[in-house]
Amino acid sequence: MLGYLTLILVCQLAGEFITGALALPVPGPVLGLVFLFTFLMLRGHVPERLDQTADGLLRSMSLLFVPAGTGVILHFQLLGEALLPLGLALVVSTLVTIAVTGLLMQWLGKGERAEKTDG
Amino acid sequence: MDSLQNTWVYLSASPLFHLTLTLVAFHVASALFEKMGRNPLLNPVLGAVLIVVAVLVLTGTEYGTYFEGAQFVHFLLGPATVALAVPLYRQWHRVRRSALAIAVSLLAGSLTAVLVIVTGILGAMLGPKVLDVAGVVDWRARGLAIGTASHGIGTARALQVNETAGAFSGLAMGLNALATALLLPLIWGGVVWLMGG
């Protein structure tokens, strides 16, 4: 468990270091994801312990956004008059983004069908 | 009685209190979400945020003080992002087969993505409904759409529903970060040029 948590942190640290040093326009953890993915490709399978560690982190991922979300709500008043237009732009753009991306992907990636759900 | 008061004053400003508050608020919000049949309007992130905000406002606590405790949770976002490599690896055969479709759809989606937390919660709440209305039933497409618009918050939700959707959502989140970072300066340059600046 701890061993693979270390591996995840090492991947993230390497990602942060490289994106910082080379001023890459990608977040460090995303490059870290690429490193861990490369490790898995070389390994050829997911070690059980890594699976457990990753699952533990991912299952509680929603929780991790609470501190940042709290900051956004608490600082809403900073937006002042921009609140309404910004809010409208957010709602419309989010919903349009989802519809456009989903429809395009389904149309272009025909073949695999899945049962319908709430996800 | 005085020592009770003093201890409370001391603890209510400590990182332990705000870390615990974050976790308890999330559990309460999650329990409510489950109890109400997973009604998307009761999104647990939004619920937890509202509970925390209410407590902070009532106790007159600064966000900085709160964050001293909450940072331990916030920190885990990085490792969790790295851990998305695992579902992505498991679904790799599917991802590879639809590489071109992913690239085109993502690019189209990136062009409209903005302010993060709000889009995240909105997408997790309303995204599935929008996809239903639009007739998107393909798990890969549902995941990719949610991840592009709603990054981690949407991915966290997608992972709970379907692993394929979760993997595509995580992939979309990562690629979208890249596409947005590369495209935004170009688009912004275009906007400035159009406005004669």
Side-chain angles (χ1 to χ4, degrees), chain A residues 5 8-9 11-12 15 25-30 32-34 36-37 40-41 46 50-51 53-55 57-59 61-75 86 89-91 93-106 108-109 112-114 116-119, chain B residues 22 26 44-45 48-49 52-53 63 67 70 73-74 76-86 88-89 98 101 104-105 108-109 112-115 117-119 122-123 127-128 130-131 134 136-142 144-145 148-149 152-153 156 158-159 161-162 165 174 177-178 181-182:
Chain A
L5 186 60
I8 289 172
L9 288 177
C11 286
Q12 188 187 345
V26 205
V30 172
L33 185 162
V34 175
L36 185 62
F37 184 78
L40 288 170
M41 278 299 207
V46 184
L50 173 60
D51 198 25
T53 309
D55 193 53
L57 278 168
L58 293 176
R59 236 179 324 147
M61 203 168 166
S62 300
L63 163 73
L64 312 185
F65 291 94
V66 174
T70 302
V72 171
I73 301 280
L74 281 178
H75 294 109
L86 200 60
L90 283 175
V91 172
S93 70
T94 306
L95 302 185
V96 171
T97 300
I98 290 176
V100 167
T101 315
L103 281 172
L104 256 177
M105 179 67 196
Q106 179 162 273
L108 292 169
E112 247 174 285
R113 268 253 153 158
K116 223 199 70 47
T117 76
D118 67 336
Chain B
T22 307
F26 186 74
V45 179
V49 165
V52 172
V53 167
Y63 183 66
F67 198 76
V73 167
H74 183 76
L76 290 174
L77 272 176
T81 304
V82 176
L84 283 171
V86 174
L88 183 60
Y89 175 78
S98 31
V104 176
S105 315
T112 53
V114 242
L115 257 185
I117 292 288
V118 185
T119 64
L122 262 178
V130 172
L131 291 167
V136 178
V137 291
D138 186 324
W139 278 119
R140 299 167 303 165
R142 292 176 76 92
L144 199 80
T148 305
I153 298 182
L159 269 173
V161 178
N162 178 282
L178 184 65
L182 295 175

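Convention: sequence-line order gives letters A, B, ...; per-chain numbering from 1.
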query: Hey, is the main chain of B:Ala141 close enough, under 3.5 Å, to the side chain of A:Gln106 for a donor-acceptor pair?
result: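 Not confirmed, A:Gln106 side chain does not pair with B:Ala141 backbone.
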Minimum heavy-atom distance between [X] and [Y], given as atom pair plus value:
X        : Y        : result
B:Phe67  : A:Pro67  : CE1-CB, 4.1 Å
B:Ala145 : A:Gly102 : CB-N, 3.4 Å
A:Ala99  : B:Val130 : CB-CG1, 3.8 Å
B:Tyr89  : A:Val46  : CD2-CG2, 3.5 Å
B:Ala83  : A:Leu57  : CB-CD1, 4.1 Å

- prompt: Is there side-chain contact between A:Val66 and B:Val73, with heavy atoms separated by less than 4.5 Å?
  reply: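 Answer no - side chains too far apart.
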- request: Check whether any side-chain heavy atom of B:Val82 lies under 4.5 Å from a side-chain heavy atom of A:Leu9, and answer yes or no.
  value: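 Result no, sub-4.5 Å side-chain heavy-atom pair not found.
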Looking at chain B, which one of [options] has the largest number of heavy-atom pairs inside 4.5 Å, strictly under?
options                     : result
A:Leu58, A:Leu108, A:Leu103 : A:Leu58
A:Asp51, A:Val34, A:Asp55   : A:Asp51
A:Leu50, A:Leu36, A:Leu33   : A:Leu33

- request: Enter the distance from B:Leu77:CG to A:Leu64:CG here, rounded to the nearest 0.5 Å.
  value: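 So the CG of B:Leu77 and the CG of A:Leu64 are separated by 5.0 Å.
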field: Between CG on residue B:Leu76 and CE on residue A:Met61, distance to nearest 0.5 Å
entry: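 Those atoms lie 11.0 Å apart.
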message: Going by ring pair (Phe, Tyr, Trp, His ring centres under 6.0 Å), name the residues that satisfy it together with A:Phe37, two or more places apart in sequence or in a different chain.
response: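 Per chain and number, A:Phe37 pairs via ring pair (Phe, Tyr, Trp, His ring centres under 6.0 Å) with B:Trp92.
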- request: Find the one option among B:Ala70, B:Ala134, B:Gly127, B:Gly78 whose heavy-atom pairs under 4.5 Å with chain A are most numerous.
  value: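 With the most close heavy-atom pairs to chain A, the winner is B:Gly78.
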task: Measure B:Pro79 against the heavy atoms of chain A and call it side chain, backbone, both or neither at under 4.5 Å.
output: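 Both parts, backbone and side chain.
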